[in-house]
Asks: 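Would you mind keeping the following structure in view while I ask a few things?
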Amino acid sequence: MAEITGGELLLKCLKKEGVKRIFGLPDFAYNTVLANVERYDIRWVVPRHEAAAVHMAEGVYKTSGEIPVVMSGAGPGTANLVSGIICAKEEGVPVIAITAQRRSGVIYPSRSGVYQGLDQYDIFRPITKWNAVAHSWERIPEIIQRAYREAMVGRPGPVQIDIPDTIFYATGDEALVKILEPHQYKALSPEPSEKQIKEMARLISEAKNPLLIAGTGVLNSEAWDDFLGLVELLNCPATTTMAARSAMPNDHPNYIFGFGRGALTARKEADVILAVGTRLGELDLPFDKYWGDIKGQKIIQVDIDPRNIGVNRPIAMGIVGDAKASIKILVGCLKNMGASPSDGKIVRKYKDIEEEWWIEETQAVRDYTGDKIHPAHSVEIARKVFPADAINVGDGGNTSLFNASYTPFSVPRTSLGIFEFGHLGTGIPYAIGAKLANPDRDVYVITGDGAAGFNFMEMVTALREKAKITVIVHAEEAWCMEEISQLVEGVDPSKVVGCAQLPIRWDKVAESLGCYGEYVEKIGELPDAIKRAKDSKLPAVVCVKTDKQSNLIPPGGEQFEEVYTGPVEG
């Protein structure tokens with residue numbers, strides 16, 4: 001009889017799922033896990049805070065597709081996971097959260113006065129797709145298998161497994177449990193029916209002015225080549241949601257920037273719109289003023305989760321299916337119907353509108369002559385220093401809008417940001433996770449100084465884990481998005497509340513932590529400073545003295561305001 005602890009049994013199950021690393025602070029509750037991770041060739045990554053562990057896990061999934069695992073100790077450690085897990089749920093990231101719990105016999109229900117006793121199951125139930133408590137040693141494999149199914153069925157999202165420490169330490173005969181191969185308990189991704197595909201192909205082939213929109217489902221299912229093949233088969237305009245910026249090369253002749261006037265005009269004038277892998281959420285402006293007449297415009301929405309179909313825009317046709325499978329079958333059907341590329345006149349029309357809009361949008365940036373650095377210039381210079389396949393992470397309020405507008409992408413899964421939930425402070429931990437999952441790629445962060453303060457101590461984690469990332473902090477010493485919102489409401493500039501920050505030399509803080517630092521006040525010094533930071537052997541921070549007044553007015557600010565207020569007429 002081979003005796004095995006619950007902790008090692010858990011590792012066996014995770015190894016079967018291909019887990020390469022676990023993010024979490026060490027805790028006595030799962031010493032049986034910690035004692036065996038090396039035997040199972042699983043890397044234990046220790047952050048400074050449990051919420052940052054979740055963000056690192058998100059960075060792994062968003063850049064590699066690997067389903068990541070986080071662990072936490074009972075009580076405070078698990079409570080610290082909450083904000084990260086909420087973010088993962090809204091961002092559609094399938095994090096497997098394994099939370100330690102106090103010993104069986106004093107919890108569920110907890111006795112009064114139990115130290116670090118917390119009803120963790122009920123806390124996580126509304127913020128996860130599924131959660132469970134492992135009340136017995138032998139059910140660990142079954143619960144892990146269910147967790148992986150639930151995390152990936154429909155729209156991906158986090159799950160929680162709560163394990164009392166007595167279960168981690170319990171032992172039993174390994175022969176009494178079955179650890180299945182993943183294919184033995186997972187279904188294939190759903191495909192639309194032949195009838196649905198034929199109807200979708202008919203609508204698209206008959207369209208005079210079709211538009212294609214790619215969402216994060218295209219990235220999750222690795223369907224970017226298939227989506228591009230559909231674009232080129234039709235030679236029609238195409239765009240992406242803000243969260244899926246890297247799903248299509250931004251220099252492709254058919255690509256139109258989603259927040260710009262060209263794409264917004266295309267959305268309004270299209271007779272048929274195919275939206276794949278997107279909820280068409282608020283950040284994608286699902287308001288009537290940005291779309292065509294619902295009586296005439298036909299929207300086809302393809303999404304893996306039926307709960308996303310038709311919730312934000314009236315649709316002509318909703319299809320529940322995997323993005324990659326759906327596009328592949330659609331392309332085959334269109335080719336059988338004899339579909340051929342258009343003459344491209346409509347594409348050129350919207351590209352011309354986009355170019356005219358971009359010239360107007362960037363006039364103030366081109367005219368800037370201030371003695372500090374314009375945030376747009378910083379973003380543009382960073383993009384030129386890093387190679388095309390570098391992973392870009394945006395963080396902050398207005399800073400993230402500058403980053404999204406002035407950073408073009410040409411390689412899939414290279415754009416990370418807080419597009420669904422707007423959760424500040426994810427930038428540095430996102431970057432660490434992305435680097436661990438993509439060790440051969442450069443990873444850099446553009447962040448505001450407000451957002452940087454949330455998780456800056458994770459630079460120590462980057463140093464310890466040899467995660468060579470470069471963090472560019474725009475130091476304008478203010479919460480700019482909040483300040484401009486008060487000013488728009490007519491607040492006297494001298495009476496703005498709570499938006500000023502103290503000047504911080506982020507480079508010096510980085511150096512004190514053992515990382516590399518650069519400080520830049522003049523635009524001419526910035527390219528070489530970023531290059532030195534990029535080429536340094538250490539995790540690096542570039543503190544850039546950006547112009548606050550310029551940062552108050554970000555690109556797309558009017559549309560972003562409508563995300564909060566609803567559509568503004570006129």
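Quick note: numbers below take in every heavy atom, side chains included, and nothing from hydrogens, waters or symmetry partners. Just so it is clear, the structure is predicted and the values come from calculations on it, not from any experiment. This chain uses plain numbering: 1 for the first residue, then up along the sequence.
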Asks: Quick one: does R48's side chain have a donor or acceptor within less than 3.5 Å of a partner on N455's backbone?
Replies: no
Asks: What's the separation between atom CH2 in W137 and atom CZ in F168, rounded to the nearest 0.5 Å?
Replies: 14.5 Å
Asks: Got a second to check how far R139's CZ is from R146's CZ, nearest 0.5 Å?
Replies: 9.5 Å
Asks: Assess, by modelled atom type and distance only, whether the side chains of T241 and T278 contain a donor and an acceptor separated by less than 3.5 Å.
Replies: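 Result is no, nothing qualifies.
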Asks: Counting C-beta onward and ignoring hydrogens, is there a side-chain heavy-atom pair between Q196 and S326 closer than 4.5 Å?
Replies: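 No. Closest side-chain heavy atoms not under 4.5 Å.
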Asks: I'd like to know if the side chain of H252 pairs up with that of E232 as donor and acceptor (distance under 3.5 Å, no hydrogens or angles considered).
Replies: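 Note: H252 and E232 side chains meet the donor-acceptor criterion.
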Asks: Evaluate whether atom CG of D41 has more than 12 neighbouring non-hydrogen atoms of other residues, nucleotides or ligands under 6.0 angstrom away.
Replies: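 At most 12 heavy atoms, drawn from other residues, nucleotides or ligands, come within 6.0 Å of this atom.
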Asks: Could you go through the salt bridge (Lys or Arg N to Asp or Glu O under 4.0 Å) check for K62 and E91 one step at a time?
Replies: CA-CA 10 Å; K62 288 187 173 188; E91 293 283 324; 2.6 Å; yes
Asks: Nearest 0.5 Å, please: how far is CD1 in I4 from CG in D173?
Replies: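 D173 atom CG to I4 atom CD1 measures 10.0 Å (nearest 0.5 Å).
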Asks: Is there side-chain contact between I432 and I469, with heavy atoms separated by less than 4.5 Å?
Replies: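 Yes, side chains in contact.
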Asks: K12 and E174: side chain to side chain contact (heavy atoms under 4.5 Å, CB included), yes or no, with the steps?
Replies: CA-CA 10 Å; K12 279 183 172 289; E174 185 179 357; 2.9 Å; yes
Asks: Taking atom CZ of R149 as the centre, report whether more than 12 heavy atoms of other residues, nucleotides or ligands fall under 6.0 Å from it.
Replies: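 Enclosed: over 12 neighbouring heavy atoms sit under 6.0 Å from CZ of R149.
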Asks: Could you check whether E3 and T171, counting side-chain N and O atoms only, form a donor-acceptor pair closer than 3.5 Å?
Replies: yes
Asks: Using 4.0 Å as the upper bound for N to carboxylate O, is an ion pair formed by E199 and K195?
Replies: no
Asks: Between E142 and K178, does any side-chain N to carboxylate O distance fall below 4.0 Å?
Replies: no
Asks: Within the 4.5 Å heavy-atom criterion, are L274 and L230 side-chain neighbours or not?
Replies: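 The answer is yes; the side chains approach within 4.5 Å.
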Asks: Does atom NZ (K20) have a neighbourhood of more than 12 heavy atoms from anything else shown, all under 6.0 Å?
Replies: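 No.
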Asks: Using the side chain to side chain contact (heavy atoms under 4.5 Å, CB included) rule, take S246 and L219 through it: C-alpha gap first, then chi angles, then the decisive distance, then the call.
Replies: CA-CA 8 Å; S246 63; L219 292 171; 4.0 Å; yes
Asks: Within the 4.5 Å heavy-atom criterion, are Y430 and E58 side-chain neighbours or not?
Replies: yes
Asks: Within the structure provided, determine whether I98 and I163 are in side-chain contact (heavy-atom separation under 4.5 Å).
Replies: yes
Asks: Applying side chain to side chain contact (heavy atoms under 4.5 Å, CB included), run through M152 and I67 and close with a yes or a no.
Replies: CA-CA 9 Å; M152 292 303 293; I67 301 176; 3.6 Å; yes
Asks: Apply the side chain to side chain contact (heavy atoms under 4.5 Å, CB included) test between N403 and each candidate in D395, V379, V393, V445; give the one that qualifies.
Replies: V379
Asks: Using 0.5 Å steps for rounding, measure from the OG atom of S221 to the CD1 atom of I304.
Replies: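 With rounding to 0.5 Å, OG (S221) is 7.5 Å from CD1 (I304).
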Asks: Is any NZ, NE, NH1 or NH2 atom of the basic residue among R307 and D305 found under 4.0 Å from an Asp or Glu carboxylate oxygen of the other?
Replies: yes
Asks: Side chains of T99 and Q160: is there a donor and an acceptor less than 3.5 Å apart?
Replies: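 A pair is found: one side chain offers a donor N or O, the other an acceptor, under 3.5 Å apart.
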Asks: Do any pairs count as a ring-ring contact (aromatic ring centres under 6.0 Å, His included) and have a residue in residues 141-166, sequence neighbours left out, and if so which ones?
Replies: none
Asks: Taking CD in Q184 as the centre, count heavy atoms belonging to other residues, nucleotides or ligands within less than 6.0 Å. Is the count above 12?
Replies: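 Counting neighbours around CD of Q184, more than 12 heavy atoms of other residues, nucleotides or ligands fall under 6.0 Å, so yes.
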Asks: When you check the side-chain N and O atoms of R245 and N250, is any donor under 3.5 Å from an acceptor?
Replies: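 Yes, because at least one side-chain N or O of R245 sits under 3.5 Å from a partner of the opposite role on N250.
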Asks: Does any non-hydrogen side-chain atom of T414 lie less than 4.5 Å from one of V411?
Replies: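 They are in contact (side-chain heavy atoms under 4.5 Å apart), so the answer is yes.
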Asks: Any chance the side chains of T5 and E8 put a donor and an acceptor closer than 3.5 Å?
Replies: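 No donor-acceptor contact under 3.5 Å links the two side chains.
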Asks: For the atom pair CD (Q145) and CD (E181), what is the distance rounded to the nearest 0.5 Å?
Replies: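 If I round to the nearest 0.5 Å, the distance is 10.5 Å.
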Asks: Okay, side chain of T407, backbone of A404: is any donor-acceptor separation there less than 3.5 Å?
Replies: no
Asks: With the side chain counted from C-beta on, respond yes when V45 and R43 share a heavy-atom pair under 4.5 Å apart, and no when they do not.
Replies: yes
Asks: Would you call E191-K328 a salt bridge at under 4.0 Å N-O?
Replies: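 Between K328 and E191 there is no salt bridge, as every charged N stays at least 4.0 Å from the carboxylate O atoms.
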Asks: Between the side chains of S415 and N392, does any donor sit under 3.5 Å from an acceptor?
Replies: no
Asks: Are there more than 12 heavy atoms of other residues, nucleotides or ligands under 6.0 Å from atom CZ of R464?
Replies: yes
Asks: Please tell me if the side chains of S72 and N80 come closer than 4.5 Å, counting only heavy atoms from C-beta onward.
Replies: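 They are not in side-chain contact.
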Asks: Say whether, by atom type as modelled, one donor and one acceptor occur between the side chain of S536 and the main chain of A533 under 3.5 angstrom.
Replies: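 At least one qualifying donor-acceptor pair exists.
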Asks: Yes or no on side chain to side chain contact (heavy atoms under 4.5 Å, CB included) for I213 and V276, after CA distance, side-chain angles and deciding distance?
Replies: CA-CA 6 Å; I213 302 175; V276 183; over 6 Å; no
Asks: Quick one: CD1 on I309 to CD1 on I315, what's the gap to the nearest 0.5 Å?
Replies: 5.5 Å
Asks: Side-chain donor-acceptor pair under 3.5 Å between Y61 and E66, yes or no?
Replies: no
Asks: Can a side-chain donor-acceptor contact be found between D165 and Y30 if the only test is distance below 3.5 angstrom?
Replies: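 No.
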